[in-house]
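Data block below; observations after.
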There are 2 protein chains.
Amino acid sequence: MAQQHDPRQNRLLGALPRDEYQRLMPSLERVELKLGESLAESGKVMRHVYFPTDSIVSLLCVMEDGDSTEIAVVGAEGIVGISLFMGGETTPSRAIVQSAGGAYRLKGELLKDEFDHASTLQHLLLRYTQALITQMAQTAVCNRHHSLDQQLCRWLLLSLDRLPTDELVMTQELIANMLGVRREGVTESAGKLQKAGLISYHRGHISILDRPGLEARVCECYGVVKKEYDRLLSYHRPG
Amino acid sequence: MAQQHDPRQNRLLGALPRDEYQRLMPSLERVELKLGESLAESGKVMRHVYFPTDSIVSLLCVMEDGDSTEIAVVGAEGIVGISLFMGGETTPSRAIVQSAGGAYRLKGELLKDEFDHASTLQHLLLRYTQALITQMAQTAVCNRHHSLDQQLCRWLLLSLDRLPTDELVMTQELIANMLGVRREGVTESAGKLQKAGLISYHRGHISILDRPGLEARVCECYGVVKKEYDRLLSYHRPG
DNA sequence: GCGCTTCTGTGCGTTAGCGTACATACTTAG
DNA sequence: CTAAGTATGTACGCTAACGCACAGAAGCGC
């Protein structure tokens, strides 16, 4: 099943012209990311960048007291490890696997070489980074202005957009960590959504039953982010 | 007083090697930014990028109902208009002058040309962008976890770091818009700081009396951002 | 001076989310 | 089958921030 494990399932890799892709391909190493696995720690230099194919990675800000908040989420449309090509080498945030699945990794130096070559990859990565910035900015706004109910809808939809299925493997406790709120608050908000027939969940498994229903409840933040991703990452797949 | 109007007061321009600076210099146009002036609107293409020297510019996310939140602040250490070299051309955010003063602007195409030339400027701008990302991420965390008192301290200190003086020209109403809170809340928090002798304010003018006192009250977010700016933007000023 | 606007202060009642404590499942290991 | 561990449900008081309403106070135009 070579097709099931194609690096080009990652949209950044998939958008590369043939020659650039072939230059990188031999160095791409498939890895299986486990739920909760850490790909980057605050202040530590990453050795690889990761291109998720069917996994999701959360970027988290961790505070001194251990509380954390998700500032962005990365799936098959993106890359984990932007600091390696942005030049800073490290970031103060942490990258945790939110949904287990496959990814391809690449040694940091190799990516940097290709990036500095003013390649197509450079343009893709910069546009992607700009989309990521939009996501972070909108997260900041959402944290200030919107109810937990709305934020939960946003989180579910953003995650859903990055998954092939309609089911998330995720406890309310973990969602609470992502959103930076109490677990009980998530229980309450998720309960509302379940009563409304939009989702159903059961011990760490959440099924989305009515996506349009979620979209009707979500705050504008979701739309702003989605629109910007669509705009910035609408690649023309090379022949 | 040529020295008072030197583009190199902006730290990005100041960190350029001689040849790159001289290539840009003739195209740099000094402008005076007025309080409240808009340099960028959501979704609109900017014609110039701005390098503040002694002004401060806020990047704001504006929502459908008109409420806004500051997601980052740019002073002499930075540039306004990253989307022009990141490749997206536009952003969903708005850039508003928070403190009147000087800046140098440059046509977008000229900056893009220099950037694509894999120059020192490119490296500087990418590192700066990474610092900006850190600021946005920390803003998101702060919005979720910290009290208005702490956020006000953070905001004052971040602004102060970008100004030559210890006085801000800023009403409580405007600060509330920046922080995305009620004006009354700012009145209350600022009142506490004034009672504690840390600041004094009077009809739109805020003087910082005790900076260490503010630093003792601020949340960790300020330190995280400052440290990351220092790390990423510690240029070796060329000879 | 006078009137208008802007800026700041203050006092409500209301609400969202927190902290805590505990109850009730369901799941897995033994 | 039982026990331990994990996931979810619920309740109660507390606090920060909200929305609203209005009162002073300082500056500005005339």
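It should be emphasised that the depicted structure is a prediction, and the values quoted were computed from it without experimental measurement. In the text below, chain A, chain B and the rest are named by the order of the sequence lines, each starting its count at 1.
In this structure, the separation between CD on B/E220 and NE2 on B/H146 is 5.0 Å, given to the nearest 0.5 Å. With values rounded to the nearest 0.5 angstrom, B/L39 atom CG is found 7.5 Å from B/I96 atom CD1.
Comparing A/K195 and B/L148 by the nucleotide of DNA chain D that holds the closest heavy atom to each, the one mapping nearer the 5' end is A/K195. The residue among B/R183 and A/E184 whose nearest nucleotide of DNA chain C is located toward the 5' end is B/R183.
B/S189 and B/D149 get closest at one heavy-atom pair: OG-OD1, 2.5 Å. Between B/N143 and A/A140, the shortest heavy-atom distance links the atoms ND2-O, 3.0 Å.
Regarding B/D65, its CG atom lies at a distance of 13 Å from the P atom of D/dC18, rounded to whole Å. Protein atom CZ of A/R182 is 11 Å distant from nucleotide atom C1' of D/dC12, rounded to whole Å. Put simply, NE2 on A/H205 is 15 Å from P on D/dT6, counting in whole angstrom units. Put simply, CZ on B/R144 is 14 Å from C1' on D/dA16, counting in whole angstrom units. Atom pair A/K192:NZ and D/dT10:P shows a separation of 13 Å (rounding to whole Å applied). Rounded to whole angstrom, the span from the CG atom of A/N143 across to the P atom of C/dA16 amounts to 17 Å. For the pair A/H146 NE2 and D/dC18 C1', the interatomic distance rounds to 15 Å; values are reported in whole Å. When rounded to the nearest whole Å, the span between CG of A/L179 and P of C/dC18 equals 10 Å.
Residue A/Y201 places none of its side-chain N or O atoms closer than 4.0 Å to OP1 or OP2 of C/dC26. Look at B/H202 and you'll find a side-chain N or O under 4.0 angstrom from OP1 or OP2 of D/dG27.
The environment of CZ in B/R47 is sparse: at most 12 heavy-atom neighbours from other residues, nucleotides or ligands sit within 6.0 Å.
Counting distance only, with no hydrogens placed and no angle test, the side-chain atoms of B/R203 and the base atoms of D/dA26 include a donor-acceptor pair under 3.5 Å.
Among the atoms of the strands shown, none is found under 4.0 Å from any heavy atom of A/G185.
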For A/Y104 and A/Q9: C-alpha separation, side-chain torsions, deciding distance, then whether side chain to side chain donor-acceptor pair (under 3.5 Å) applies. CA-CA 10 Å; A/Y104 286 83; A/Q9 287 172 331; 5.9 Å; no
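If you run side-chain contact (heavy atoms from CB on, under 4.5 Å) between B/V74 and each of B/F51, B/Y50, B/Y128, only B/Y128 comes through.
Within residues 169-176 of chain B, no residue has any heavy atom under 4.0 Å from DNA chain D.
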